[in-house]
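This report refers to the structure that appears directly beneath it.
Naming convention: chains lettered A, B, ... in sequence-line order (proteins, then strands); numbering from 1 in each chain.
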2 protein chains.
Amino acid sequence: MFIEIRHLRSLQAISKSRSLADAAQQLHISQSALSHQIKVLENYFETPLFFRGRKPLKLTPAGERMVGLAENILPQIAHAEYELKRISGGELGRLHITIECHACFEWLMGTLGNYRKDWPDIEVDLRMGMSFDAISALAQGDIDLVISSDPITTDGICFEPLFPYEGRLVVDPEHALARKTFVQPSDLADQTLITYPVPRNKLDIFQHFLTPEGVEPKAVRHVELTAMILQLVASKRGVAVLPDWVLCESTISGQLCSLPLGAQGLHGMLYAAVRKSDTHLPFIQDFISLASLAVTTNGAPLSTGTQCTKIGG
Amino acid sequence: MFIEIRHLRSLQAISKSRSLADAAQQLHISQSALSHQIKVLENYFETPLFFRGRKPLKLTPAGERMVGLAENILPQIAHAEYELKRISGGELGRLHITIECHACFEWLMGTLGNYRKDWPDIEVDLRMGMSFDAISALAQGDIDLVISSDPITTDGICFEPLFPYEGRLVVDPEHALARKTFVQPSDLADQTLITYPVPRNKLDIFQHFLTPEGVEPKAVRHVELTAMILQLVASKRGVAVLPDWVLCESTISGQLCSLPLGAQGLHGMLYAAVRKSDTHLPFIQDFISLASLAVTTNGAPLSTGTQCTKIGG
DNA sequence: CTATAAACATGAATTCCTTTCATAATTATA
DNA sequence: TATAATTATGAAAGGAATTCATGTTTATAG
């Protein structure tokens with residue numbers, strides 16, 4: 001690899017000039033410098049690059065080959081430099097998101113739709129399948145943002161609060177628990193609990209409600225899709241705990257009841273985790289702004305006590 | 001334009017390495033040099049190119065963009081360098097040919113067919129339409145070889161002899177002149193002469209036969225294609241002067257007679273003109289060898305006195 | 001949690017290489 | 001043939017990348 005960028009620029013200038021001297025002037029270098037440059041190239045490749053002593057300067061086929069190279073390459077480099085400047089300016093970038101909580105899918109899709117309109121040059125993507133250790137994937141640069149409900153202090157990472165939520169028990173309207181004002185841990189001991197297929201320590205219902213009281217449900221069933229969970233509950237196959245934003249008119253058109261976990265309810269906060277080095281980027285900040293408004297704009301969550309909603313296909 | 005080739009090589013090495021130190025080793029430079037290089041890039045573009053302090057080194061999106069650039073560009077440069085070496089080695093090249101004499105088309109096509117087999121990587125082309133000043137086009141590098149019958153001393157150009165030829169008068173078998181052993185200039189004073197559409201000083205018949213004797217044909221008619229000239233002569237529309245290689249069995253299947261111009265015949269030599277700087281190139285030398293054998297291999301010329309041959313479509 | 005190792009950063013000095021300057025040689029044009 | 005224009009060349013200068021030596025930061029093990 002002998003050719004340098006400056007050689008390509010030189011050849012390009014020469015091909016557009018009547019003489020080496022003209023080309024040198026265009027390049028803002030001395031005629032001598034250009035002559036030396038060409039000599040070096042010609043010595044290395046053992047072939048002349050232009051015909052000497054012709055009034056309109058003419059390149060040899062070897063020279064033309066090199067100009068061809070220049071005209072392929074120089075624009076590519078110019079374009080890459082332009083894009084790198086845009087990347088540092090935050091106009092261009094990558095936003096690969098992972099969700100630690102499956103239910104976030106419900107509001108995230110709507111948010112991403114709006115976000116894409118604001119930031120057409122940001123490569124937005126939702127990466128499932130790395131939720132097992134999303135935060136370290138974030139720290140390592142595999143992804144750029146994690147939607148999470150438990151902030152852990154990892155250095156280089158910061159957790160921006162998005163909005164509070166309430167985890168509520170969902171049952172069918174004819175269920176025995178449907179008549180209660182709130183559920184106690186022991187109420188679930190004889191129930192089939194339907195959850196997302198994630199480790200128990202990632203589930204509020206175990207972490208902050210059942211496990212502290214030593215209660216174990218009769219059975220636990222793993223289902224991936226929220227809509228499927230709701231259908232299973234509606235058809236009396238079990239009960240589930242879902243965040244309030246899922247339980248709103250826009251996603252449910254059949255009959256379901258939801259009620260608080262414990263007298264105070266099971267409250268949490270949702271966060272967007274990003275690398276500290278990315279917090280200044282406008283397209284990151286704007287995503288966080290949009291996301292923090294997601295739930296109230298997509299549809300009001302169920303905030304009252306016992307309440308029935310519809311479910312459907 | 002800030003990026004240099006070495007930056008691209010560095011980024012590419014980094015992307016394939018576990019650490020800067022490893023990459024530096026691959027590049028045969030010190031770790032310090034690489035670190036400085038990256039710092040300069042990062043300062044210029046105002047964005048980090050890789051995540052620091054992660055065990056498996058990971059590039060940022062900006063870094064990835066630059067690797068993408070490298071992987072587009074480096075192979076292109078490598079390939080161009082390879083081709084330039086081949087150009088200087090005479091394996092790859094350009095052979096743009098111009099013919100000053102139209103009749104050369106007849107044997108040249110056959111020669112080029114064989115030549116292309118020997119030199120698949122030489123860009124062979126026949127450029128018509130610059131015959132008006134072919135030699136200076138050659139000197140200026142617009143073309144690479146001229147088939148010519150009059151060598152002029154131009155510096156930088158040399159004329160390699162190919163083969164001798166004889167210009168002969170072609171008439172139809174019932175023509176009055178067909179019975180003569182040879183023609184004299186005055187014999188043509190009452191004839192219609194069919195020639196290629198080129199200036200008279202490029203035509204042997206005028207330059208070396210008629211003009212010195214002050215003879216002017218009854219009429220001169222310009223026709224471009226050799227086959228058409230032969231047909232016109234056969235149908236008694238005039239007479240023509242053509243080099244002997246045209247008048248051989250392989251190109252003529254109808255009835256035509258040819259006879260010498262003057263008692264000694266009008267003899268000439270065909271040359272290949274090339275730039276002196278190209279004479280060493282094997283693909284030029286080989287073309288000249290092939291061309292010099294063209295006429296005797298394509299078909300024996302008419303060498304006997306008055307002779308009749310066939311003509312046809 | 002400290003120690004040790006590994007990886008990266010930094011400043012000064014060096015070395016390498018491009019460019020310039022001054023001028024020679026070559027080529028074109030009047 | 002003379003003059004102008006163009007390219008080539010050698011030595012010196014200038015700049016920039018690399019190295020060296022060392023400091024700082026981050027990971028891994030005991």
Non-hydrogen side-chain atoms of A:Ile14 and A:Leu20 separated by less than 4.5 Å: yes
Using whole Å, report how far [atom1] of [X] lies from [atom2] of [N].
X        : N      : atom1 : atom2 : result
B:Gln140 : C:dT27 : CD    : C1'   : 14 Å
B:Leu20  : D:dT26 : CG    : P     : 14 Å
A:Asn43  : D:dG10 : CG    : P     : 11 Å
A:Leu57  : C:dA28 : CG    : P     : 12 Å
A:Leu59  : D:dT7  : CG    : C1'   : 15 Å
B:Leu27  : D:dT18 : CG    : P     : 9 Å
A:Leu49  : D:dT7  : CG    : C1'   : 14 Å
B:Ile5   : D:dA17 : CD1   : P     : 14 Å

Any donor-acceptor N or O pair under 3.5 Å, side chains B:Gln26, B:Ser17: yes
Exercise: do B:Glu123 and B:His96 side chains pair donor with acceptor under 3.5 Å: yes
Would you call the rings of [X] and [Y] parallel, tilted or perpendicular, where under 30° means parallel and over 60° means perpendicular?
X        : Y        : result
B:His102 : B:Tyr196 : tilted
A:Phe159 : A:Tyr271 : perpendicular
A:Tyr115 : A:Phe287 : perpendicular

Sugar-phosphate only, base, or nothing, as touched by B:Ile38 at under 4.0 Å among non-hydrogen atoms: nothing
Touch class at under 4.0 angstrom, heavy-atom based, for A:Ser35 against every strand present: base
Proximal nucleotide (of D:dT7, D:dT9, C:dC8) relative to the A:Lys39 side chain: D:dT9
B/S/- contact track for nucleotides 19-26 of chain C, protein heavy atom under 4.0 Å: SBB-----
First of B:Asp155 and A:Glu4 reached from the 5' end of DNA chain C, by closest nucleotide: A:Glu4
Residues in ring pair (Phe, Tyr, Trp, His ring centres under 6.0 Å) contact with B:Phe163, at least two apart in sequence or another chain: B:Trp107, B:Trp245
